[in-house]
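Report on one structure; see the data block that follows.
Order of the sequence lines sets the chain letters (A, B, ...), proteins ahead of strands, with each chain counted from 1.
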Number of protein chains: 2
Amino acid sequence: MSADPALRREIPDATVARLPEYLRTLSRLAEDGVLSVSSEELAAEVGVRSAQLRKDLSHLGSYGVRGVGYDVETLALEISRALGLTEDWPVAIVGMGNLGHALASYSGFVTKGFRIVGLYDDDPALVDERVVGVRIRPLREIVDHHQVDPIAIGVIATPAPAAQAVCDALVGAGISSILNFAPAVLSVPEGVDVRRVDLSTELQILAFHAQRKSLAAGDLRSAVVAP
Amino acid sequence: MSADPALRREIPDATVARLPEYLRTLSRLAEDGVLSVSSEELAAEVGVRSAQLRKDLSHLGSYGVRGVGYDVETLALEISRALGLTEDWPVAIVGMGNLGHALASYSGFVTKGFRIVGLYDDDPALVDERVVGVRIRPLREIVDHHQVDPIAIGVIATPAPAAQAVCDALVGAGISSILNFAPAVLSVPEGVDVRRVDLSTELQILAFHAQRKSLAAGDLRSAVVAP
DNA sequence: AGACGTTTGTGAAGCCATGCACAAAGTTGA
DNA sequence: TCAACTTTGTGCATGGCTTCACAAACGTCT
């Protein structure tokens, strides 16, 4: 009977990447007591075109009302369902240096569906320390841990040279969704999903655009060049 | 005379986003003493198709040798130049909580062209503390700082509610490249470049794919549905 | 009840990025 | 010198994403 398109149809990756933004904005609107939004208004808040927003939402189903707009609560719930945030996602962080500590205490973590169940580091100076109520353990314990209390997502926050070994350990333990903060390309078997977040990549992209701006502004050197 | 394509031609955004990865891999190869690579080998290391790598590099110019491959040093240098990493980029971080500390001591920062020149936070408990040799100052001092010692890139590592105000301060001081770690959409005037890195967005995208995997594996519920 | 104004959902068109396949260009070895 | 082999650079086709533009659908007001 249920014909929930989120579970049957293919949702384009580009759309999935924008859904969290829509959801965040809708949550803020809901807190402010807003009951209904048009695609025009919501798109303006998020910074996309209204047509794009409508097409994105159309992949989830038909939750708007013509002539009126979208009910904020309903739409937020449907996006949550499409993203899988109505269930709970246990997360483990490996590498409890500065970044690991920052991630563990990051407030955005707990807000929606994510819950830290494990913190790992092999440095004896860190083991047994408690962060946000969770004790840091050596990585080798992750296999048992995962069997007792399954981990859905592993976060790698180690230095680059250790990343592949940590990744292998996570995969070996049976974890198939990995968020990698180390500046390294991980090789994983089929079926394992890796996303990478890299600070220096982002800085380099910014530098590229900054360079273009400064060249466009004040540079006359290469004004006349034959093709 | 110089016909450097990096300065004249348009480089697609998708290509720019991959260049840092190529550069990182080339640097590692250079350290390992590798002198030359084919597009096939390098593409395998990075995890892209060789045709894509060649097309990406063709936007920078023609630095390969047919029948041989690419000289590792030369190609690394040319990518560095295209990205603007041959110059030095002074960076300021605003928000010195856990994340700000982690970013400041992140090793990837200093490796290539980026240099931390300012750390800011309005919390009196943090002001005057020193991190990586730089003193934390209240945000209001950034205007004078920028005039004396220009800042190229501002990094926002504050909680979301403060982000827009901090952003306005950065823009007001004259900074036009911003890297935003706060989960908020920033509105900026024309000409200011903002990139956002968001942990919870990445987690949510992973959750989506994890959900699809588990549905595909064990769910028979919506097997028969009319279109 | 019916006309009017608003907003959604979606074909269709255009654009950008990816992947294929091959000629051009270089090296190596005889 | 020349043939055989390797690898680059790129024209072309393909596919996916974005944007446009409008019919269909809803609420409202008379």
Side-chain angles (χ1 to χ4, degrees), chain A residues 3-6 8-19 21-22 26 29 34-76 78-79 82 205 208 227, chain B residues 3-6 8-22 26 29 34-76 78-79 82 205 208-209 227:
Chain A
D4 187 339
R8 291 173 28 252
R9 231 177 275 174
E10 197 68 32
I11 302 181
D13 284 349
T15 294
V16 173
R18 282 184 295 267
L19 289 180
E21 198 63 55
Y22 301 157
L26 285 167
L29 292 175
V34 177
L35 298 177
S36 175
V37 276
S38 67
S39 62
E40 204 69 53
E41 294 164 341
L42 183 53
E45 290 281 328
V46 174
V48 301
R49 308 268 172 187
S50 66
Q52 173 148 259
L53 173 60
R54 289 198 300 276
K55 182 142 287 190
D56 282 342
L57 295 182
S58 76
H59 290 114
L60 312 190
S62 196
Y63 300 111
V65 179
R66 294 169 192 233
V68 177
Y70 300 87
D71 179 81
V72 172
E73 293 274 0
T74 307
L75 188 55
E78 290 302 332
I79 293 178
I205 295 172
F208 172 80
Chain B
D4 187 341
R8 293 173 25 253
R9 229 177 277 173
E10 197 69 30
I11 301 180
D13 284 349
T15 294
V16 173
R18 283 185 294 268
L19 289 180
E21 199 64 55
Y22 301 158
L26 286 167
L29 292 176
V34 178
L35 298 177
S36 176
V37 276
S38 69
S39 62
E40 204 70 52
E41 295 164 339
L42 183 53
E45 290 281 327
V46 174
V48 300
R49 308 267 174 191
S50 65
Q52 178 159 83
L53 174 59
R54 289 198 299 275
K55 182 147 290 188
D56 282 342
L57 296 181
S58 76
H59 289 115
L60 313 189
S62 195
Y63 299 113
V65 179
R66 295 174 192 228
V68 177
Y70 300 87
D71 179 79
V72 172
E73 293 274 1
T74 307
L75 188 54
E78 290 302 332
I79 294 178
I205 294 172
F208 171 81
H209 292 293

Length of the [atom1]-[atom2] vector between [X] and [N], whole Å:
X	N	atom1	atom2	result
Asp56(B)	dT10(D)	CG	P	13 Å
Arg54(A)	dC17(D)	CZ	P	19 Å
Glu78(B)	dG9(D)	CD	P	12 Å
His59(B)	dG9(D)	NE2	P	12 Å
Asp13(A)	dG16(D)	CG	P	11 Å
Arg49(B)	dT14(D)	CZ	P	17 Å
Leu53(A)	dC17(D)	CG	P	17 Å
Asp71(B)	dT7(D)	CG	C1'	15 Å

Taking only nitrogen or oxygen atoms into account, show me every contact under 3.5 Å that the protein makes with nucleotides 24-30 of chain C, one pair per line with its distance.
from	atom 1	to	atom 2	distance (Å)
dA24(C)	N3	Arg66(B)	NH1	2.8

Checklist entry - Is there a donor and acceptor pair, one atom on the side chain of Lys55(A) and one on the base of dG9(C), closer than 3.5 Å? => result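 No pair found.
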Item to check | side chain to side chain contact (heavy atoms under 4.5 Å, CB included) evaluation trace for Leu57(A) with Leu53(A) | outcome: CA-CA 6 Å; Leu57(A) 295 182; Leu53(A) 173 60; 4.0 Å; yes
Is [X] close enough to [N] that one of its side-chain N or O atoms is under 4.0 Å from OP1 or OP2 there?
X	N	value
Ser39(A)	dT8(C)	yes
Ser62(B)	dG9(D)	yes
Tyr63(A)	dT7(C)	no

Next on the checklist: Run Ile205(A) and Asp13(B) through side chain to side chain contact (heavy atoms under 4.5 Å, CB included) and show every step you take.
Outcome noted: CA-CA 9 Å; Ile205(A) 295 172; Asp13(B) 284 349; over 6 Å; no
Checklist entry - What pair of heavy atoms forms the shortest contact from Ala82(A) to Phe208(B), and how long is it? => result O-CD1, 3.2 Å
Checklist entry - If you take all heavy atoms of Asp56(A) and Arg18(A), which pair is closest and at what distance? => result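 Shortest heavy-atom separation between Asp56(A) and Arg18(A) comes out as OD2-NE, 2.7 Å.
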Checklist entry - Short question: side chain of Gln52(A), backbone of Arg49(A) - any donor-acceptor pair under 3.5 Å? => result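 Checking the backbone N and O of Arg49(A) against the side chain of Gln52(A), no donor-acceptor pair under 3.5 Å is found.
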Checklist entry - Got more than 12 heavy atoms from elsewhere within 6.0 Å of CD, Glu73(B)? => result no
Item to check | First of Val37(B) and Arg18(A) reached from the 5' end of DNA chain D, by closest nucleotide | outcome: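 The residue whose closest nucleotide sits nearer the 5' end is Val37(B).
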Checklist entry - Got Leu75(B) and Tyr22(B) here, is their nearest side-chain heavy-atom distance under 4.5 Å? => result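 Sidechains of Tyr22(B) and Leu75(B): no contact.
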